[in-house]
Amino acid sequence: MAVGNGEALLSVEGLCKSYPSGEARLQVLDGVDLILRRGETLAVTGASGSGKSTLLHLVGGMETADSGSIRFAGLEVSGLDASQRASYRNREIGFVFQFHHLLPEFSALENVMMPLLLRRDPWTPAARRARELLVELGLEERLQHRPGELSGGEQQRVALARALAGEPQLLLADEPTGNLDDATSESIHRLLFQTQEQRKLTSVIVTHDLRLAGLCRRSCRMEGGRLH
């Protein structure tokens, strides 16, 4: 699925999504168009409930659109069945969420291993890969700590390591610093962009933080169900 420099890694056309709302339907996305090229970092801002997270969920294969097209490196994502979408999420997409979604009963190391184990990678190389990432992100002393024993910033670093474990092409971050204090947010900002640069990732970052949005190469605002 490699895409050369300058080519579109992600192409979204006419994307629509609505949800039931009483006896009617609430139109959240109404013809979204987007082209994202390899290595770009796009910030998506907008009011709460404007559809920013919905866009990430559709691009990442977590939900299906009512209509429209999502093409990723030539693959028509909107045409995949549930099993194919799961494989696409696991192998091509890295997710970072505001509230981490770490598994509380597992250690930091085990949480980072999880995407690799789900795709049936052997335990030993999965553990090696997870350890390397956690050490790289400054958590070498926290490998065996469970999420409840970690600070908010440390949990987000574990979540970032987990997102990177499968060597994704596209990183999707939904309010990655929305639950952190200013100082910790700044450190996560630096880490995100350092990681992006080192791995030549393509990223979409949904954020209310205008400082974070300002660091991205491009910025769009979700309004009226469309990107502007």
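Index from 1, following the sequence.
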Taking the side chain as every heavy atom from C-beta outward, state whether Thr41 and Leu192 have any atom pair closer than 4.5 Å. no

Rounded to the nearest 0.5 Å, what's the gap from CD on Glu92 to CG on Leu75? Could you check? 8.0 Å

Hey, does Ile188 have a side-chain heavy atom less than 4.5 Å from the side chain of Leu212? no

Mind checking side-chain hydrogen bond (donor to acceptor under 3.5 Å, both in side chains) for Ser11 and listing every partner two or more places apart, or none if nothing turns up? none

List the steps and the verdict of side chain to side chain contact (heavy atoms under 4.5 Å, CB included) for Val158 and His145. CA-CA 11 Å; Val158 174; His145 287 61; over 6 Å; no

Heavy-atom count around Glu149 CD within 6.0 Å, excluding the residue itself: above 12? yes

Value for CZ (Arg142) from CD (Gln144), rounded to nearest 0.5 Å, stands at 12.5 Å

Going through the checks in order, is the side chain to side chain contact (heavy atoms under 4.5 Å, CB included) test met by Val59 and Val204? CA-CA 10 Å; Val59 168; Val204 180; 5.9 Å; no

So does Thr207 get a backbone contact from the side chain of Thr45, meaning a donor-acceptor N/O pair under 3.5 Å? no

Side-chain donor or acceptor of Lys52 paired with backbone N/O of Arg221 under 3.5 Å: no

Main-chain N/O of Ser69 paired with Glu13 side-chain donor or acceptor, under 3.5 Å: no

Under a 4.5 Å cut-off applied to non-hydrogen side-chain atoms, are Arg162 and Leu102 in contact? yes

Nearest heavy-atom contact between Leu42 and Cys220 is CD1-SG, 3.6 Å

Given side chains that start at C-beta, do those of Glu186 and Arg211 come closer than 4.5 Å, heavy atoms only? yes

Between Arg38 and Leu9 (side chain of the first, backbone of the second, donor and acceptor by atom type, cut-off under 3.5 Å), is there such a pair? no

Report yes or no: does Glu223 contribute a side-chain atom to a donor-acceptor pair with the main-chain N or O of Gly225 at less than 3.5 Å? no

Parallel, tilted or perpendicular: which one describes the rings of His101 and Phe97, with boundaries at 30° and 60°? perpendicular

Quick check: do Pro125 and Arg128 have side-chain heavy atoms less than 4.5 Å from each other? yes

Taking Asn111 for its side chain and Ser107 for its backbone only, find out whether a donor-acceptor pair lies under 3.5 Å. yes

Which heavy atom in Leu58 sits nearest to a heavy atom in Ile70, and how many Å separate them? O-CD1, 3.4 Å

Closest heavy-atom pair, Gly61 versus Arg89, reported as atoms and distance to 0.1 Å, is O-NH1, 2.7 Å

Using every non-hydrogen atom in the two residues, find where Arg157 and Leu137 come nearest and quote the distance to one decimal. NH1-O, 2.7 Å

Please step through side chain to side chain contact (heavy atoms under 4.5 Å, CB included) for the pair Arg129 and Asp121, ending with a clear verdict. CA-CA 11 Å; Arg129 169 71 174 159; Asp121 286 7; over 6 Å; no

Would Glu175 and Val206 count as a side chain to side chain contact (heavy atoms under 4.5 Å, CB included) here? Give the steps. CA-CA 5 Å; Glu175 297 288 357; Val206 162; 4.3 Å; yes

Heavy-atom donor-acceptor pair, Gln156 side chain to Pro176 backbone, under 3.5 Å: yes

Looking only at heavy atoms, which two atoms of Ala165 and Val112 are closest? And how far apart? CB-O, 3.5 Å

Linking I/L/V/M/F/W/Y whenever their side-chain heavy atoms sit closer than 4.5 Å, directly or via other members, would Leu133 and Leu150 fall into one cluster? yes

How long is the gap from CE on Met62 to OG1 on Thr54, to the nearest 0.5 Å? 11.0 Å

Heavy-atom check, side chain of Leu55 versus side chain of Val32, under 4.5 Å: yes

Assigning hydrophobic clusters by single linkage (Ile, Leu, Val, Met, Phe, Trp, Tyr; side-chain heavy-atom cutoff under 4.5 Å), is Met113 placed with Leu118? no

Is a side-chain N or O of Gln196 found less than 3.5 angstrom from the main chain of Gly39, in a donor-acceptor match? yes

When you group the ILVMFWY residues by side-chain heavy-atom contacts below 4.5 Å and let the links chain together, are Leu164 and Leu116 in the same group? no

Are the side chains of Arg218 and Leu36 in touch, meaning some heavy atoms are under 4.5 Å apart? yes

Nearest 0.5 Å, please: how far is CD in Glu136 from CD in Gln198? 5.5 Å

Are Leu191 and Leu143 grouped together when hydrophobic residues (ILVMFWY) are joined by side-chain heavy atoms under 4.5 angstrom apart? yes

Between atom CG of Leu10 and atom CD1 of Ile93, what is the distance when rounded to the nearest 0.5 Å? 8.0 Å

Please enumerate all residues that pass side-chain hydrogen bond (donor to acceptor under 3.5 Å, both in side chains) together with Ser78, with sequence neighbours excluded. Glu76

So do the side chains of Cys216 and Phe193 get within less than 4.5 Å of each other, counting heavy atoms only? yes

Looking at every non-hydrogen atom in both residues, tell me the closest pair between Leu109 and Ala127 and how far apart they are. CD1-O, 3.8 Å

So how far is it from Glu110 CD to Leu117 CG, rounded to the nearest 0.5 Å? 9.0 Å

Determine yes or no for a side-chain-to-main-chain donor-acceptor pair under 3.5 angstrom, with Asp174 supplying the side chain and Ser53 the backbone. no

Applying salt bridge (charged side-chain N to carboxylate O under 4.0 Å, His left out), name anything that partners Asp33, two or more places apart in sequence or on another chain. none

Within the side chain of Arg226, is there an N or O that forms a donor-acceptor pair under 3.5 Å with the backbone of Asp30? yes

